[in-house]
Amino acid sequence: MKTERNKQSLQEELKEISPLLAEQEKKNPFKVPENYFSNLSSQILEKIRIDEESKTQNSLLNRLEEWMDQIALQIFKPKFVLAGVVVLFLSITSVHYFFHPVDAPYVSPISVITDKQAEDYVADNIYLFDEEDMIVAYLAAIDPEELEMQLNRATEDDLEEYILENIDQSFFDELDI
Amino acid sequence: MTLEIHDDLILQQFRETATREKAFTMLVTKYQQRVYWHIRRMVLDHDDANDVAQNVFIKVWKGLENFREDSQLYTWLYRIATNESITFINSKKRKAAISIDKDKNPLTRKLKSDPYFEGDEIQINIQLAIDSLPNKQKVVFELRYYDEMPYEEMSRVLKTSEGALKASFHHAVKKVEEFVKSKLNQ
């Protein structure tokens with residue numbers, strides 16, 4: 001009933017806009033291959049199955065990849081890496097000592113360097129050393145009495161020069177003096 | 001006389017894994033002709049219509065579980081079919097624009113040689129006229145002229161006001177008429 005009323009209203013609307021089209025017999029000029037609609041649902045379901053199977057395969061591959069990643073993460077954890085390095089070091093040194101047994105007593109390479117060579121090295125490479133470390137080393141090496149004598153020998157000008165060269169102005173600003 | 005399966009039953013059975021495929025087959029069987037012919041009149045070629053229709057039903061399979069029952073199933077199907085057809089037409093136009101084949105009347109030639117088209121000269125001219133319409137007008141013309149869809153339903157499918165649809169149909173009919181008249185006078 002509703003469809004019939006709608007058809008009628010469409011026909012009236014068409015007559016009003018285009019009598020030419022309203023007069024035309026409305027027929028479907030298109031055809032489909034034989035049994036097309038009988039097979040359509042099974043064709044679509046087949047496509048869906050293939051699509052879902054490939055998705056499952058992809059998800060299996062993804063899971064395998066994730067599993068490999070987790071293994072790699074376990075293997076390359078810092079503690080395992082450290083243990084590996086230690087084992088490798090021990091293996092190499094063991095092999096080395098096995099094939100080159102030590103007969104002569106161990107001599108430290110440092111002990112064969114003269115004081116002069118050491119001083120020259122420090123002078124040439126002074127930029128490599130930290131100032132505080134050098135002061136600590138100096139205080140440890142020098143005799144306290146000798147140190148006191150050296151300090152007594154320092155003039156006020158020496159101290160002033162040292163302060164100006166080594167202490168930042170902001171330090172005095174903070175002291176507010 | 002065949003009894004039409006109710007959408008509620010299809011939706012209910014689709015939600016159960018065991019009856020999902022059966023429900024989907026029922027849905028395709030119920031709506032395949034309406035969906036196919038809507039697409040076919042938009043894209044014209046059977047192979048193209050078949051591809052688009054299959055894509056539409058695959059999208060329905062993927063989205064049916066989340067289908068909100070506040071709209072009717074066929075309204076939703078028509079909307080998907082319309083969008084898929086327009087996407088297909090646009091992509092085909094883009095490909096044709098860069099093609100070196102500059103056939104002046106490709107559609108006329110194609111329709112005449114199509115084994116699945118049996119229209120006469122005036123039918124060919126109507127199809128050419130529809131093909132020359134902008135996509136939105138084309139859809140409105142198809143739904144109103146061929147599917148005889150009431151404006152109220154069309155408004156739900158295309159999410160456009162009834163007034164705008166009536167105006168669109170009016171313009172489309174006028175253009176088709178002018179096109180056909182010009183061809184008849186040639």
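To find a chain, count down the sequence lines: A is the first, B the second, and so on, and within it residues start at 1. Since we're looking at a predicted model, the values are computed, not measured.
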Quiz item: So, are B:Arg40 and B:Asp45 salt-bridged, with charged N and O less than 4.0 Å apart?
Solution: no
Exercise. Could you have a look at B:Leu27, B:Asp120, B:Leu44, B:Leu111 and say which one has the most heavy-atom pairs with chain A under 4.5 angstrom?
Key: B:Leu44
Quiz prompt | Choice from A:Leu40, A:Leu14, A:Ile48 maximising heavy atom contacts with chain B below 4.5 Å | solution = A:Ile48
Self-check item: Heavy atoms from other residues, nucleotides or ligands near CD of A:Gln117 exceed 12 (cutoff 6.0 Å)
Solution: yes
Quiz item: Is a salt bridge present between B:Glu178 and B:Lys183, judged by a nitrogen-to-oxygen distance below 4.0 Å?
Solution: no
Exercise. Under 4.5 Å, heavy atom to heavy atom: which of residues 73-83 of chain B reach chain A? Give them by number, or say none.
Key: none
Quiz prompt | side chain to side chain contact (heavy atoms under 4.5 Å, CB included) between B:Asp147 and B:Glu142, worked out | solution = CA-CA 7 Å; B:Asp147 290 341; B:Glu142 297 290 348; 5.6 Å; no
Quiz item: So does A:Arg49 pair up with A:Glu46, basic N to acidic O under 4.0 Å?
Solution: yes
Practice problem: Answer yes or no: is there an ion pair linking B:Lys166 with A:Glu13, defined by an N-O contact shorter than 4.0 Å? | Solution: no
Quiz prompt | Close side-chain approach of B:Trp37 to A:Asn28, heavy-atom, < 4.5 Å | solution = yes
Quiz item: Counting a contact as any heavy-atom pair under 4.5 Å apart, which residues of residues 47-65 of chain B contact chain A?
Solution: B:Asn50, B:Gln54, B:Phe57, B:Ile58, B:Trp61, B:Lys62
Quiz item: What orientation do A:Tyr36 and B:His46 show, parallel under 30°, tilted 30 to 60°, or perpendicular over 60°?
Solution: perpendicular
Practice problem: Please determine if A:Asp120 and A:Lys116 form a salt bridge, counting it only when a charged side-chain N lies under 4.0 Å from a carboxylate O. | Solution: yes
Quiz item: What do you reckon, is CG of A:Asp143 surrounded by more than 12 foreign heavy atoms closer than 6.0 Å?
Solution: yes
